[in-house]
Structure formats: structure tokens, C-alpha cells
Amino acid sequence: MSRKKISVIGAGNVGATTAQRLAEKDFCDVVLVDILEGMPQGKALDLMQSGPICGYDSMVTGTNGYEETAGSHIVVITSGLPRKPGMSRDDLLKVNAGIVKDVTLKAIAKSPDCIIIVISNPLDAMTYVAHKHSGLPANKVMGMAGILDSARFRCFIAMELEVSVTDVTAFVLGGHGDTMVPSTRYTTVAGIPVEDLIPGPKLESIVERTRKGGGEIVALLKTGSAYYAPAAAAVQMCESIVLDKKMILPCAVLSSGKYDGCDGLFVGLPAKIGEGGVEEVVKFRLSEDESAALSKSAGEVRMLCEAVDRLGF
Ligand code: APR
């Protein structure tokens with residue numbers, strides 16, 4: 001049996017790091033696509049030459065076209081502009097919508113049965129664009145944001161308590177923007193509710209830092225946005241699909257009927273991710289405040305999707 005093929009569109013910071021992390025996992029072959037001549041080919045060769053040292057056999061191919069992507073099991077879309085200091089993710093809408101539409105059409109022509117994972121921002125709206133132009137059923141299109149936002153939240157909690165990050169379980173719902181909803185009520189440290197361990201005001205400041213976690217990195221980097229953790233999050237989604245792990249992961253998935261205010265939108269919700277893609281959007285009880293916050297966040301995503309439609313993407 002040959003290995004599954006995962007194509008990563010965009011070989012910049014997020015794309016190349018995703019390719020590296022995928023290759024190191026050693027469960028698939030990787031095709032890296034970019035419009036810049038020679039760049040994906042060069043990075044692919046460099047990754048191939050890391051194999052003997054790191055001990056992986058993943059084939060990594062770089063290309064400026066889509067022939068090599070044919071028959072991909074998963075297509076990860078990272079192409080598009082990243083944020084610069086002072087920009088919100090929403091500022092990227094117009095230019096990235098055009099790029100995501102273009103690469104979706106080209107990728108789907110070669111891999112009509114693939115599963116698409118979108119990373120380009122503004123994430124929820126770009127997932128909507130990929131779904132719209134791929135013609136795929138909604139269970140085969142998802143966006144990567146919730147795992148990243150949750151990882152930021154988990155990391156800050158572990159730093160505060162000086163405990164292992166692996167003890168911290170948390171998830172963040174809603175759109176991938178400043179209105180995201182980190183759920184403190186369901187966050188635990190080795191099974192202990194975090195609200196029993198961190199005083200309210202401190203916990204609130206951690207929630208706020210999580211909401212602005214991407215911007216904190218943009219302000220430090222000055223030339224772009226985060227990529228190590230975004231790539232790690234996308235790879236976790238790929239792993240759950242290719243190995244059919246059925247992990248429950250917060251992802252931007254199409255909501256239908258389960259959460260107030262979210263219907264018809266791709267927005268961050270807990271989902272079971274397996275070989276079929278999104279196998280279930282998991283429903284759980286929200287408090288009134290949480291439900292209102294999720295609905296507000298979904299409202300912002302809805303406005304962006306309406307802007308996408310108005311702009312003709
Ligand atoms: N087809 C293929 N690749 C493209 C296209 C296209 N139509 N348009 C742009 N690209 C490529 C660029 O040439 C560049 O190499 O996408 C790559 C983007 O890489 P970076 O500029 O390094 O951006 P990165 O940090 O990887 O972020 C990519 O992910 O997290 C989001 O907000 C971020 O939208 C941004 C995306």
C-alpha cells in the first residue's frame with residue numbers, strides 16, 4: 001500500500017513548517033506548492049535531505065503546478081498574506097479570498113475526493129470560500145484555528161501553574177478573532193477545574209491574552225505571523241484523519257442546528273475528526289453567557305462571509 005499524499009499549498013512559513021512536521025511524522029508523502037519559482041522545490045529537497053538524519057522516509061516534492069498533487073488525500077491551504085503589526089485578520093479578507101478561491105479550484109480539479117484543511121486568514125471566512133468553490137460535502141472541509149487557540153490557552157495556564165502542558169485540557173470555541181470564546185468552565189488541569197486553581201482576575205487575564213495571542217506574536221515578529229504552532233495544529237488534524245484517530249478537536253466546521261447563531265457557518269466547534277473528515281459536530285451544554293458569546297462571535301464570522309459574497313468570491 002502506498003502512503004497517503006498530503007498537498008500543502010503555500011510554501012511560506014506556515015506551509016513549509018507544516019511540510020516539515022508532516023515529514024517528521026512519517027505517515028504520508030508531502031507535495032509542497034507555491035507560485036514562487038524554485039522555492040517549493042528547494043525547500044522540498046532540503047526536507048528530503050533531512051530524512052536520513054531524522055529517520056523518516058516521507059517523500060517531499062516541491063512544485064509550482066498541481067500535476068504532482070493529483071490524488072491527494074488531504075489538501076492543506078496556507079497560501080495567502082499573513083498579518084503585519086496593526087492589522088487584524090479581517091484586513092486580509094479581500095486578497096486572501098481571491099487566493100483561496102484560485103488554489104481551491106486548481107487543487108480540487110486534481111483531487112476531487114480530497115479533504116481540505118484551511119489555515120489562511122481570516123480563517124472561518126476562508127474555510128467558507130474553500131467549501132463554496134470545492135463543491136465538496138461540508139464534512140470534507142474544515143479550518144484550523146481552535147486547536148491553535150486552545151494550545152495558546154493551555155500553554156498560558158501551564159506557565160501560570162508551573163505544570164505540564166499535557167495535564168491541561170481546554171478548548172476555545174467561536175471565530176478565530178478577538179471574540180473567540182475560551183471556555184474556562186470546561187478547562188481542567190489533571191481533571192481539576194481550572195477555576196479552582198487560578199483566581200478569577202488572573203484567569204480572565206489569561207483568557208484575554210489567549211484572545212490576542214496571535215497579535216502578540218505579530219507585534220514581536222514584525223514581518224509576519226505565527227507558524228510553528230499553527231503548523232503543529234494542522235498536522236494534528238491530518239494525523240487524526242490519516243490514522244482515523246477520531247480525536248475530538250476544536251475546528252472550524254459547518255454548524256447545522258446544534259449551536260445558537262452558528263447555523264450555516266464554518267465556525268470553531270468541537271468535532272470528531274477521522275477518516276471521513278468531520279464525522280460529528282459534538283454538542284455540549286453551554287451556559288447562557290457562553291452561548292451568547294459564541295453567538296456574538298458567530299455573528300462576526302457571518303458578516304465576513306457576507307462580505308466575501310458581496311466581493312464576488
Ligand atoms: N498559490 C500558491 N501559493 C501562493 C499563492 C497562490 N495563489 N499566493 C501566495 N502564495 C504563497 C506565497 O508565495 C508565500 O510563499 O503563500 C505563501 C505564504 O507564506 P508567508 O508569506 O510566509 O505566510 P505564512 O506565515 O505562511 O501565512 C500564510 O496562514 O496563518 C495564516 O494569516 C496567515 O493567511 C496567512 C497564511
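All ligand and atom numbering here is 1-based and tracks the order in the structure. Nothing fancy with the numbering, it's 1 onward along the sequence.
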Asks: Give the C-alpha distance, both sets of side-chain angles, the deciding distance and a yes or no for side-chain contact (heavy atoms from CB on, under 4.5 Å) between Asp57 and Arg3.
Replies: CA-CA 10 Å; Asp57 292 301; Arg3 286 171 179 238; 3.7 Å; yes
Asks: Determine whether Val31 and Asp29 make a side-chain contact, defined as any pair of heavy atoms from C-beta on separated by less than 4.5 Å.
Replies: no
Asks: Quick one: does Tyr227 get an N or O within less than 3.5 Å of an N or O on ligand 1?
Replies: no
Asks: Would you say Gln49 has more than 12 foreign heavy atoms packed within less than 6.0 Å of its CD?
Replies: yes
Asks: Counting only heavy atoms, which portion of Thr78 has something under 4.0 Å from ligand 1: side chain, backbone, both, or neither?
Replies: backbone
Asks: With a 4.0 Å cut-off on heavy atoms, is Arg89 in contact with ligand 1?
Replies: no
Asks: Any ring pair (Phe, Tyr, Trp, His ring centres under 6.0 Å) involving residues 201-251? Give me the pairs, sequence neighbours left out, ordered by first then second residue.
Replies: none
Asks: Say whether Ser72 and Ser7, considering side chains only, have a donor N or O and an acceptor N or O under 3.5 Å apart.
Replies: yes
Asks: In terms of side-chain heavy atoms, does Glu68 have a donor or acceptor partner in Thr61 at a distance below 3.5 Å?
Replies: no
Asks: Give the atoms of ligand 1, by number and element, whose distance to some non-hydrogen atom of Asn96 is under 4.0 Å.
Replies: 34 (O)
Asks: Under 4.5 Å between any side-chain heavy atoms of Asp289 and Arg185, yes or no?
Replies: no
Asks: For Glu24, is there an ion pair with Arg21 - N to carboxylate O distance below 4.0 angstrom?
Replies: no
Asks: I'd like to know if the side chain of Lys283 reaches the main chain of Lys258, judged simply by a donor and an acceptor atom lying under 3.5 Å from each other, with no hydrogens or angles considered.
Replies: yes
Asks: Quick check: does Asp34 get an N/O under 3.5 Å from an N/O on ligand 1?
Replies: yes
Asks: Only heavy atoms of Ile119, strictly under 4.0 Å: list the atoms of ligand 1 that pass.
Replies: 29 (O), 30 (O), 31 (C)
Asks: Would you say Ile9 has any N or O atom under 3.5 Å from an N or O of ligand 1, going by distance alone?
Replies: no
Asks: Report, one line per pair, each donor and acceptor closer than 3.5 Å where one atom sits in a side chain of residues 40-47; sequence neighbours left out.
Replies:
unit_1	atom_1	unit_2	atom_2	d
Gln41	OE1	Gly38	N	3.2
Gln41	NE2	Asn64	OD1	2.9
Lys43	NZ	Ala11	O	2.9

Asks: Just need the protein heavy atom nearest to atom 2 (C) of ligand 1, so name the residue and atom and give the distance.
Replies: Ile35 N, 3.8 Å
Asks: Report the member of Ala231, Pro82, Ala11, Gly10 with the shortest heavy-atom distance to atom 21 (O) of ligand 1.
Replies: Pro82
Asks: Please determine if Val14 has a nitrogen or oxygen closer than 3.5 Å to a nitrogen or oxygen of ligand 1.
Replies: yes
Asks: How close does the nearest protein non-hydrogen atom get to atom 22 (O) of ligand 1, and which residue and atom is it?
Replies: Asn13 N, 2.9 Å
Asks: Can you tell me the protein heavy atom closest to atom 32 (O) of ligand 1 and the distance?
Replies: Asn121 ND2, 2.9 Å
Asks: Heavy-atom contacts with Gly12 under 4.0 Å: which atoms of ligand 1 show up? List them by number with element.
Replies: 15 (O), 17 (C), 19 (O), 22 (O), 26 (O)
Asks: Using side-chain heavy atoms (C-beta onward) and a distance below 4.5 Å, is Asp309 in contact with Lys132?
Replies: yes
Asks: For atom 3 (N) of ligand 1, state which one of Ser79, Pro230, Pro122, Gly98 supplies the nearest heavy atom.
Replies: Ser79
Asks: Heavy atoms only, cut-off 4.0 Å: how does Leu81 contact ligand 1, side chain, backbone, both, or neither?
Replies: backbone
Asks: Given Val103, Leu36, Asp102, identify the one with the heavy atom nearest to atom 1 (N) of ligand 1.
Replies: Val103
Asks: What residue and atom, counting heavy atoms only, is the protein's closest point to atom 18 (C) of ligand 1, and at what distance?
Replies: Gly80 O, 3.4 Å
Asks: For Met39, counting its heavy atoms only, list the atoms of ligand 1 lying under 4.0 Å from any of them.
Replies: 15 (O)
